[in-house]
Amino acid sequence: MSETLLEVNDLNVAFRLASANLTVSSDVSFSVDRGKVLGLIGESGSGKTVTSKAILRLLPKNASLEAKEIRFKGRDISTLTEAEFNLLRGTELAMIFQDPVGSFNPVKTIGWHFRTVGKLHRGAGAPRGEIMKDAKEVLAKADIADPENALRKYPHQMSGGMLQRCLIALVMFSKPSLIVADEPTTNLDNLVERQILDLFDKLRRETDASFIFITHDMTIAEMISDSVIVMYAGQIVEQGPTEALMRRPQHPYTQGLVRTARELEGEVETLTEISGEIGTGVHPENRCRFAPRCPLYEKACDHAIALRPVEGHGLVRCIKAGQDAEHEVTP
Ligand SMILES: Nc1ncnc2c1ncn2[C@@H]1O[C@H](COP(=O)(O)OP(=O)(O)OP(=O)(O)O)[C@@H](O)[C@H]1O
Ligand code: SF4
Ligand SMILES: [Mg+2]
């Protein structure tokens with residue numbers, strides 16, 4: 001029986017701009033089970049990072065966040081004070097960003113970072129030797145060939161792939177329960193990307209941490225996730241178990257993503273694009289947000305579309321979901 005670690009209910013994020021309020025995350029609700037990986041997928045600007053940062057209270061000052069509740073380990077963390085939340089973020093919740101450079105102090109060695117995190121968790125008087133021994137162990141688990149040497153280095157002395165491994169090790173060092181990984185392989189070449197994905201796969205099997213893994217690549221989501229959320233223009237348009245969602249996507253946008261992934265894998269011969277461009281963030285509420293790009297659009301789509309359960313799948317935000325056997329995307 002799986003245990004819910006995180007439960008997000010009705011999360012909304014808007015940015016206050018000079019001209020207007022820009023809603024970038026609307027009524028987002030989902031949960032993550034302990035030890036599981038939730039893939040969060042969608043094209044650029046769909047709200048993946050903002051939604052995750054909102055959960056970790058990492059939004060910039062011009063953002064406003066509203067949520068019915070954000071429950072972590074059964075407790076509503078949306079009501080915590082900043083001090084209480086900072087403690088939680090340093091211990092139980094962690095985020096790995098696309099570019100590892102920004103997560104390190106450039107004038108300090110990798111060893112200094114491990115010592116700092118070690119003292120934070122174990123107390124200022126924690127023996128240095130013990131911290132460094134454990135640091136070497138976790139670096140080795142992150143496939144760093146010479147941990148001793150890595151601890152002596154400065155961030156700029158490492159390649160992007162090595163630094164991302166060090167960051168993953170540093171995050172794992174504090175044994176968080178939930179790790180948000182925001183496109184952690186985007187800036188890496190194909191081989192290193194594959195190695196880092198394998199590392200995530202290993203960590204998820206060897207620890208009981210849960211992950212929210214953000215990506216714009218359906219193939220990566222399929223490889224790494226137990227369940228998937230697809231976001232479009234700030235809304236969840238489909239969510240469900242990875243296998244069902246990949247085999248028989250229900251929302252036209254998800255179908256486009258899955259088809260493109262299969263085409264890139266060479267299982268389908270032609271490469272099609274999901275036509276049109278993502279909107280401006282200002283959405284008429286009397287129309288499906290995907291309508292301007294949807295090949296299945298009809299007059300009946302001209303109202304706000306709710307997420308609804310579809311048998312054998314999860315939740316889908318489309319009036320036609322569950323109606324059509326041709327939704328199956330096969331090689
Ligand atoms: N500080 C900000 N001020 C105003 N708008 C912002 C700010 N940060 C993000 N946005 C807007 O919020 C929307 C969602 O951005 P977000 O970064 O979450 O997208 P994303 O899905 O993570 O995209 P990507 O794949 O490019 O990382 C975008 O329209 C973006 O322009
Ligand atoms: S509700 Fe209509 S416009 Fe929206 S995704 Fe479904 S078919 Fe397309
Ligand atoms: Mg992003």
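Note that ligands are numbered from 1 as they come in the structure, with each ligand's atoms numbered from 1 the same way. Computation of the quantities below employed the complete heavy-atom set of this structure, encompassing side-chain atoms and omitting hydrogens, waters and symmetry-equivalent molecules.
- Neither the backbone nor the side chain of M231 has a heavy atom within less than 4.0 Å of ligand 1.
- Ion pairing of R287 with D302 is present here, as a side-chain N (NZ or NE/NH1/NH2) and a carboxylate O approach within less than 4.0 Å.
- When distances to atom 2 (Fe) of ligand 2 are checked against a cut-off of 2.8 Å, C301 contributes an N, O or S atom below that limit.
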Without placing hydrogens or testing angles, list every side-chain donor-acceptor pair under 3.5 Å for residues 305-317, not counting sequence neighbours.
residue, atom, partner, partner atom, Å
R308, NH2, C318, O, 3.1
R308, NH2, I319, O, 3.3
R308, NH2, A321, O, 2.9
H313, ND1, R248, O, 3.4
H313, NE2, Q250, NE2, 3.3
R317, NE, I236, O, 2.8
R317, NH1, I305, O, 2.8
R317, NH2, I236, O, 3.3

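- Here V50 has heavy atoms under 4.0 Å from ligand 1 in both its backbone and its side chain.
- Looking at ligand 1, you won't find any N or O of V24 less than 3.5 Å from one of its N or O atoms.
- Ligand-side atoms of ligand 2 in range of H251: 5 (S), range being under 4.0 angstrom from any heavy atom.
- Using modelled atom types and a 3.5 Å distance limit, the side chains of T81 and E84 yield a donor-acceptor pair.
- Between A14, G42, S44, it is S44 that holds the heavy atom closest to atom 24 (P) of ligand 1.
- Near C294, meaning under 4.0 Å from any of its heavy atoms, are these atoms of ligand 2: 3 (S), 5 (S), 7 (S), 8 (Fe).
- Of all the heavy atoms of D182, none lies under 4.0 Å from any atom of ligand 1, so neither backbone nor side chain is involved.
- No side-chain heavy atom of F97 sits under 4.5 Å from any side-chain heavy atom of T49.
- Those atoms of ligand 2 that come under 4.0 Å of a heavy atom in I319, given as number and element, are 1 (S), 6 (Fe).
- Considering both main-chain and side-chain atoms, Q98 never comes within under 3.5 Å of ligand 1 through any nitrogen or oxygen pair.
- Relative ring orientation between Y253 and H251 is described as perpendicular, the plane-to-plane angle rising above 60° on a 0-90° scale split at 30° and 60°.
- Salt bridge status for K202 with D198: absent, with no side-chain N to carboxylate O gap under 4.0 Å.
- The closest side-chain donor-acceptor pair between K36 and S2, if any, does not fall under 3.5 angstrom.
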